[in-house]
Undergrad: 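Once you've had a glance at the structure underneath, I'll fire off some questions.
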Amino acid sequence: MSFSSDLKAEIISGLYKNACCRRSLIHGALSAKGVVDAEQITISVESVSVAEYLSSLIKEFFGRDAIISKPKNGGRRLIVSFKSASAEKFITDFLTCEGRGINPKCAACQSAYIRGIFLVCGRMSDPKKQFCLEFSLGNRARKLLEYFEELGLYLKISERASETLLYTKNSSYIEDFLALAELHSTAFEIINLKISND
């Protein structure tokens, strides 16, 4: 497994007691990768475990059974699809700037929202090899760039092939992201690694 996969497994295994946090996490995933097409909502993900986890949240908050399938054009990613008028409204409001994506009900909602974004479009290199955090966001890159900047996390935009990425190779910003997402064990791992290197 890759370092990113391990980090996503940690997110999936983390149990939120409050329903508002679980809702914030699925809203983060919809903000980053939710697509509306003919009343169908789709979210592109890279693993079965992430697809199944999101499907459970979709069932909980939208009352719909999601279908997990492979894209028609091939590729390694999976498609989670379902129908929901409320999910469609959330995505539409987010994309038209009427919604900010996150409406925290408790202190942990913000971290859950960020975790949802990372689950569906985030990648992080093994810090023992290099420092690099990136999000593949397409046309949502600038909107989520503004969101991260409001939190004090300053990322750069890059066009790579057919992807628009937000990224940073700054270890301090990566630590900040991990702290915001409450992935403290990985943040401490990076801090200890930097101390060891120094």
Undergrad: For the backbone of F61 and the side chain of R23, can you confirm whether one donor and one acceptor N or O come within less than 3.5 Å of each other?
TA: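 A pair under 3.5 Å: no.
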Undergrad: So, applying side chain to side chain contact (heavy atoms under 4.5 Å, CB included) with L133, which one of N170, T168, L166 is it?
TA: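 Only one of N170, T168, L166 forms a side chain to side chain contact (heavy atoms under 4.5 Å, CB included) with L133, namely T168.
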Undergrad: For F62 and F90, I'd like to know if the aromatic rings sit close, meaning centre-to-centre distance below 6.0 Å.
TA: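 So the answer is no for these two rings.
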Undergrad: For E60, what residues pass the salt bridge (Lys or Arg N to Asp or Glu O under 4.0 Å) criterion, not counting sequence neighbours?
TA: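 If we apply the salt bridge (Lys or Arg N to Asp or Glu O under 4.0 Å) test to E60, skipping adjacent residues, the hits are R22.
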Undergrad: Looking at S125 and Q130, what are the two nearest heavy atoms and their distance?
TA: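 In terms of heavy atoms, the two residues are closest at OG-NE2, 3.4 Å.
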Undergrad: Quick one: list whatever passes salt bridge (Lys or Arg N to Asp or Glu O under 4.0 Å) with E163, sequence neighbours left out.
TA: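 Once residues adjacent in sequence are excluded, the partners of E163 under the salt bridge (Lys or Arg N to Asp or Glu O under 4.0 Å) criterion are R123.
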Undergrad: Go through the side-chain N and O atoms of S49 and S47 and say whether any donor and acceptor fall under 3.5 Å apart.
TA: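 On atom types as modelled, these side chains qualify, holding a pair under 3.5 Å.
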Undergrad: Return the minimal non-hydrogen interatomic distance between S111 and Y16, and the atom names on each side.
TA: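 Taking S111 first and Y16 second, the nearest heavy atoms are OG-OH, 3.8 Å.
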Undergrad: Under 3.5 Å, side chain of K143 to main-chain N/O of F94, donor-acceptor pair present?
TA: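 Indeed, once roles are kept as given, a pair shorter than 3.5 Å links the two residues.
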Undergrad: Fit a plane to each ring of F118 and F177, take the angle between them on a 0 to 90° scale, and name the class: parallel (under 30°), tilted (30 to 60°) or perpendicular (over 60°).
TA: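 Ring orientation of F118 relative to F177: tilted.
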Undergrad: Taking N18 for its side chain and C20 for its backbone only, find out whether a donor-acceptor pair lies under 3.5 Å.
TA: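 No; judged by distance alone, with no hydrogens or angles, the pair does not exist.
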Undergrad: Between atom CD of E88 and atom CG of D93, what is the distance when rounded to the nearest 0.5 Å?
TA: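 Spacing of CD (E88) from CG (D93) equals 10.5 Å.
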Undergrad: Quick one, C106 and C21 - any side-chain contact, counting heavy atoms below 4.5 Å?
TA: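 When only atoms from C-beta onward are counted, C21 and C106 do touch, with a gap below 4.5 Å.
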Undergrad: Return yes when atom CZ of R142 has more than 12 non-hydrogen atoms of other residues, nucleotides or ligands closer than 6.0 Å, and no otherwise.
TA: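 Check fails, neighbour count at 12 or below.
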Undergrad: Which heavy-atom pair separates S81 from T42 by the least distance, and what is that distance?
TA: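 The answer is CB-CG2, 3.9 Å.
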Undergrad: With a 4.5 Å heavy-atom cut-off, do L151 and I114 have their side chains touching?
TA: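 Of all side-chain heavy-atom pairs linking I114 with L151, at least one is under 4.5 Å.
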Undergrad: Surrounding CD of E39 (heavy atoms of other residues, nucleotides or ligands, distance under 6.0 Å), is the total greater than 12?
TA: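 Open.
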Undergrad: Quick check: does any side chain N or O of S4 sit under 3.5 Å from a backbone N or O of M124, one acting as donor and the other as acceptor?
TA: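 The answer is yes, because a donor-acceptor pair under 3.5 Å joins these two groups.
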Undergrad: Do L78 and E46 come close enough that some side-chain heavy atom pair is under 4.5 Å?
TA: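 No, side chains not in contact.
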Undergrad: Apply side-chain contact (heavy atoms from CB on, under 4.5 Å) to the pair F135 and L155, showing each step before the final yes or no.
TA: CA-CA 10 Å; F135 302 89; L155 305 174; 4.1 Å; yes
Undergrad: Please test I26 against L54 for side-chain contact (heavy atoms from CB on, under 4.5 Å), starting from the C-alpha separation and ending with a verdict.
TA: CA-CA 7 Å; I26 191 63; L54 294 181; 3.9 Å; yes
Undergrad: Tell me, do I11 and L183 make a side-chain contact under 4.5 Å, heavy atoms counted?
TA: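 A side-chain contact under 4.5 Å exists here.
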Undergrad: Do the side chain of K156 and the main chain of K169 share a donor and acceptor less than 3.5 angstrom apart?
TA: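 Absent.
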Undergrad: Please name the residue in the list V35, I58, L30 that meets the side chain to side chain contact (heavy atoms under 4.5 Å, CB included) test with I41.
TA: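 The side chain to side chain contact (heavy atoms under 4.5 Å, CB included) with I41 is passed solely by L30 among V35, I58, L30.
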Undergrad: Under a 4.5 Å cut-off applied to non-hydrogen side-chain atoms, are L178 and L7 in contact?
TA: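 Sidechains of L7 and L178: in contact.
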Undergrad: Checking the side chain of R64 only, and the main-chain atoms of S84 only, is there a donor and an acceptor separated by less than 3.5 Å?
TA: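 No, R64 side chain to S84 backbone: no donor-acceptor pair under 3.5 Å.
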Undergrad: Any chance you could measure I79, atom CD1, to S44, atom OG, to the nearest 0.5 Å?
TA: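 Rounded to the nearest 0.5 Å, the CD1-OG separation comes out at 4.5 Å.
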Undergrad: Is there a side-chain contact between L119 and V45 in this structure, where contact means two heavy atoms from C-beta onward sitting under 4.5 Å apart?
TA: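 Result no, sub-4.5 Å side-chain heavy-atom pair not found.
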Undergrad: Does S31 form a side chain to side chain donor-acceptor pair (under 3.5 Å) with Y113? I'd like the steps, not just the answer.
TA: CA-CA 9 Å; S31 297; Y113 184 77; 2.7 Å; yes
